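Quick note on labels: first sequence line is chain A, next is B, and so on, each numbered from 1. Note that the structure is a prediction, hence the values are computed from the model and not measured.
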Amino acid sequence: MLTVPRVTPLPYLRCLYPLILLLSALSGRAAPAPDLPTAWNDIADSKAKLALVKLGRADTSDRAVQLARATASLDDQPVSDGDLRRAEATFAQLAQGHDELAEQAAYLQARVWQIHLAQPDYARAAELYRALAERNPRSHWAQLGLVKLALVQLYALPDPADPAARLAGAAALLSRVTEPTLQRDLQLQLGQAGIFYKQPLPSIIAHLVAADRIGGTPGAAGEDLILQIGELSLRAGDYATSRAYFERYLRDYEVNPRCFTVKEKLQQIAAHEAAAKGGRP
Amino acid sequence: MKKRRSWWRRLPLGLQLLAVGYIACLAWVFTYGTPVLPQKKITLRIAHWQIEKGPPDGIDEVIKRYEKLHPEVKVEQVLVPGGIYRLWLRTMLSGGEAPDIVEFGAWLENVTDIPLRYFEPLTEPLLEPNPYNQGTPLEGVTWLKTFEDELLEQRSNSPEPGQYYSVTMSRGSWRMFANTDLLKEITGSDQVPTRFDDFLKLCAQVKAYGQAHGKSIMPLAGAKDNATFFAFLYMQGLMAKYTFTMDRDGVLAVDNRQLSSAYLEGRWRWQQPELQASLTILGQLFAQMKPGFLQLTRDDAVQEFMRGDALFVFTGTFDGTTLRRLAPFHVEAYRLPQPTKDDPVIGKYLAGHFVDGDNTTGFSLYLNKATKHPKEAVDFLRFLTSYESGRSFMAKSGWITALRKVPIPPEIVSDLSPADGIVAGACYCNAGSEATRLFWNEVYRMTRPHGSVEDLTKALDEKMPKAMRMDLETEEHNQRLTLAPRDVGIAAVGALAREKADDAALRLRRERLESAQNQSEGLTLYLGQQLRSVPRP
């Protein structure tokens with residue numbers, strides 16, 4: 001007689017019940033810790049909504065998660081001033097710490113006042129940038145904040161009314177910006193502001209040349225910088241500097257149609273130099 | 001004796017089934033090697049308005065090759081007429097339905113907010129070599145450097161300094177396309193004068209010929225678009241000498257923002273002699289088009305030319321393929337006749353010969369930020385702008401590729417201009433959305449019977465301050481829009497850099513983002529201060 005074996009899988013599984021119940025209970029009580037690097041990557045890729053889903057909504061004492069949530073909320077469209085004020089309060093609270101996260105939060109708090117709110121408060125932002133730089137001047141966020149402070153001083157704050165005093169105030173920050181790339185950015189901005197406020201050419205050129213010496217200005221600004229030094233030096237009568245920069249432009253940016261005009265400028269310089277030597281152009 | 005059961009039969013049925021299933025799966029994997037369920041295809045969509053003869057065929061050819069190489073990807077080309085493109089694009093983008101890759105132009109009116117809101121920068125992939133260029137003369141060259149102009153225009157017009165938002169497909173120039181059969185019939189020659197005054201004489205000869213033969217033949221095919229092309233090119237060139245006097249920044253060019261600022265500061269006026277003279281030249285060209293041309297579009301002008309009702313059509317080489325392939329007569333492209341320094345009207349204000357085309361590339365394709373397949377879309381863009389694709393696109397479309405080192409077929413070599421002219425920027429008639437709208441609304445004061453340049457410039461100077469101010473305010477607003485999202489990006493990259501202090505690529509990305517934002521922020525605040533310092537009209 002054929003014997004059919006009895007199929008009883010349940011007794012084997014019964015021993016797993018307590019484990020299954022424990023896992024279910026744990027998953028119901030506490031969500032797994034958010035994957036912060038992935039969330040930050042999403043934020044960097046302009047996917048704030050996705051990042052906020054990953055970061056979850058549960059109350060947390062994890063400051064890194066709080067910072068990530070508040071940062072993502074700045075870009076979670078549509079953003080209301082109410083959202084921004086809540087984020088600002090979070091940044092202010094996180095800024096009370098004594099680590100790099102606190103410095104970043106302090107920087108972002110200033111940015112909310114300067115950039116994000118519909119009605120910027122430049123004075124408040126400047127105050128926060130200054131406080132951050134006082135607290136930890138070597139911090140990268142403080143250094144970046146000093147560049148922003150200079151920009152606000154150059155164009156947005158009501159005082160001083162005198163352009164030369166504005167420029168001097170912003171230039172005084174140069175000695176406190178020790179990171180080379182940020183110092184370059186500040187030198188460049190001081191040069192541009194000098195043009196805007198119609199300052200003497202030598203002071204403008206000095207800032208632009210200083211920016212160029214540090215190098216690496218990204219985008220079209222790097223290309224324009226070479227031309228600016230060449231052209232402004234020509235206007236200031238410094239033919240040697242002008243020639244050097246125009247020739248460099250032809251070497252480095254041969255694809256730009258402005259090279260045609262640069263070649264004409266070099267002919268003008270040759271004519272000036274020949275005239276200065278008493279010869280014929 | 002009790003018969004002992006085999007180990008297999010002693011196993012519970014569940015485990016037996018599991019084992020059989022496992023063995024079946026192994027057999028499938030090692031024999032068939034394909035998924036049980038068909039793999040889901042990725043569909044990429046690419047939208048553009050280059051629906052002239054040529055480009056869609058060129059892109060189709062590239063798509064076919066790409067799909068063979070990547071069977072899991074399907075690429076669809078979406079052709080949208082230029083007339084509705086802006087509206088269509090905005091609707092699709094705001095509805096989250098826009099294609100993965102879209103054509104866009106920084107010069108399009110009333111859509112300057114779009115790039116930052118909806119497009120993703122391509123800077124990082126552009127700084128790496130294009131893998132599809134392996135085994136070609138462009139192998140190992142960074143993607144950016146494979147473009148003839150290294151994406152100069154895309155860098156200059158980037159909504160965020162330091163970032164590239166698009167790649168380009170082609171380049172060309174401005175040309176006077178002639179019906180050479182008709183030209184020979186009228187003049188007995190296929191030569192077109194190079195001097196502007198001689199060209200005007202030829203135009204008079206064309207009109208006289210038409211009258212004598214009872215035909216309605218105009219020297220130039222007429223449409224507002226073609227008139228805009230004339231205005232764009234001639235006003236930049238004719239005004240170059242004066243434009244350079246407004247170059248306060250010393251960058252040997254003046255962009256539209258600087259032009260608007262200079263106007264608000266009172267550094268130029270439409271009624272000044274240089275502008276009056278330049279508009280007089282423009283008026284002489286407009287007078288060669290049929291009455292009412294301002295109500296017509298580029299397609300109307302092409303049809304007028306195709307019917308043999310106009311001797312020339314002035315347009316970009318983007319129309320070259322359509323004209324050459326569809327016209328029932330021989331078509332030849334000629335360089336533009338330009339006034340010279342002995343011209344009685346404009347001569348004393350001229351800087352010299354100005355460009356009628358350069359190496360600047362166009363047909364810009366942007367990556368939709370909301371695409372579900374960003375990696376695949378970037379990969380397709382790489383393929384589309386690779387050496388081999390450049391060659392097949394050019395052969396099929398008749399458009400010159402944007403890529404370097406790709407041999408150009410002899411029949412279209414004349415579409416390229418040598419670097420023999422001045423570039424000064426500053427499109428006086430197209431300075432900003434509002435200023436442009438105002439100019440073209442008022443231009444009838446010059447083109448109507450008994451109209452005059454004086455009537456036009458007086459009206460423009462009365463109304464332009466408000467328009468220029470609105471343009472600058474829009475510019476400042478748009479610049480400001482760039483800052484907030486980038487703040488978030490900088491914070492995110494900063495947080496990632498905190499975890500990976502030794503990651504050089506991350507550090508570089510952070511530096512670039514911060515520096516680009518410092519530039520944007522400087523410009524935004526600069527604009528704000530400038531607007532505050534100029535009294536409201």
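Contacts of K198(A) with chain B are made by side-chain atoms alone, with heavy-atom separations under 4.5 Å and no backbone atom involved. Residue Q104(A) touches chain B through its side chain alone, counting heavy-atom pairs closer than 4.5 Å. Only the side chain of L182(A) has a heavy atom closer than 4.5 Å to any heavy atom of chain B. Within the 4.5 angstrom heavy-atom criterion, atoms from both the backbone and the side chain of L151(A) approach chain B. With a threshold of 4.5 angstrom between heavy atoms, E100(A) approaches chain B through its backbone and through its side chain. When heavy atoms are compared at a cutoff of 4.5 Å, A491(B) approaches chain A by way of both its backbone and its side chain. With a threshold of 4.5 angstrom between heavy atoms, I229(A) does not approach chain B through any atom at all. Proximity to chain B (any heavy atom under 4.5 Å) is restricted, for L144(A), to the side chain, taken from C-beta onward. Only the side chain of D185(A) comes within contact range of chain B, with heavy atoms under 4.5 Å apart. Q530(B) touches chain A through backbone and side chain together, each having a heavy atom under 4.5 Å away. Both the backbone and the side chain of V488(B) come within less than 4.5 Å of a heavy atom of chain A. Neither the backbone nor the side chain of L15(B) comes within contact range of chain A, judged by heavy atoms closer than 4.5 Å. Using a 4.5 Å cut-off between heavy atoms, T360(B) contacts chain A through its side chain alone, with no backbone atom that close. For L252(B), the parts lying near chain A are the backbone and the side chain together; criterion is any non-hydrogen pair under 4.5 Å. Neither the backbone nor the side chain of D42(A) has a heavy atom closer than 4.5 Å to any heavy atom of chain B. Residue I205(A) does not touch chain B at all, counting heavy-atom pairs closer than 4.5 Å. For T181(A), the part lying under 4.5 angstrom from a heavy atom of chain B is the side chain only. Interface remark: L108(A) contributes side-chain atoms only to the contact with chain B (heavy atom separation under 4.5 Å).
Ranking E514(B), E150(B), K369(B) against chain A, the residue ahead of the rest is E514(B), based on heavy-atom pairs under 4.5 Å. Chain B forms the most heavy-atom pairs under 4.5 Å with one residue out of K263(A), Q228(A), K265(A), and that residue is Q228(A). Ranked by heavy-atom pairs under 4.5 Å with chain B, the list Q77(A), E179(A), Q189(A) is led by Q189(A). Between chain A and the residues T524(B), D487(B), D420(B), V355(B), the largest count of heavy-atom pairs under 4.5 Å involves D487(B). Chain A forms the most heavy-atom pairs under 4.5 Å with one residue out of I490(B), D249(B), D149(B), and that residue is D249(B). Counting heavy-atom pairs under 4.5 Å between each of V147(A), L74(A), N256(A), V262(A) and chain B puts N256(A) at the top. Ranked by non-hydrogen atom pairs under 4.5 Å with chain A, the options E511(B), R248(B), R532(B) are led by R248(B). In terms of heavy-atom pairs under 4.5 Å with chain A, the best-connected choice from G489(B), A351(B), A495(B) is A495(B).
In the displayed structure, D502(B) atom CG is contacted under 6.0 Å by at most 12 heavy atoms of other residues, nucleotides or ligands. The number of heavy-atom neighbours closer than 6.0 Å to CD of E254(A), taken from other residues, nucleotides and ligands shown, is 12 or below.
Between D247(B) and R235(A) there is a salt bridge, since a side-chain N of the basic residue sits under 4.0 Å from a carboxylate O of the acidic one.
The shortest non-hydrogen separation linking S515(B) to P218(A) is OG-CD, 3.3 Å. For the residue pair P257(A) and V423(B), the shortest heavy atom distance occurs at CB-CG2, 3.5 Å. Considering all non-hydrogen atoms of both residues, T261(A) and F244(B) come closest at CG2-CZ, 3.9 Å.
Using a 4.5 Å heavy-atom threshold, the side chains of L152(B) and E223(A) count as touching. Residues L523(B) and Q192(A) have side chains not in contact (no heavy-atom distance under 4.5 Å, counting atoms from C-beta outward).
Between Y197(A) and Q529(B), the side chains place a donor N or O and an acceptor N or O closer than 3.5 Å (distance only, hydrogens not considered). Side chains of Q114(A) and E521(B): a donor on one and an acceptor on the other come within 3.5 Å.
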Exercise for the section: Starting from the C-alpha separation in whole Å, work towards a yes-or-no answer on side-chain contact (heavy atoms from CB on, under 4.5 Å) for H116(A) and L483(B). Expected result: CA-CA 8 Å; H116(A) 296 264; L483(B) 301 176; over 6 Å; no
Practice task
Evaluate the criterion side-chain contact (heavy atoms from CB on, under 4.5 Å) for residue pair N41(A) and L496(B); output intermediate values, then yes/no.
Solution key: CA-CA 8 Å; N41(A) 267 317; L496(B) 289 167; 3.3 Å; yes
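A distance-only check finds no donor-acceptor pair linking the side chain of R258(A) to the backbone of A424(B) [under 3.5 Å].
A cation-pi geometry, defined here as NZ or CZ lying under 6.0 Å from the six-membered ring centre and within 45° of its normal, does not hold between R498(B) and W141(A).
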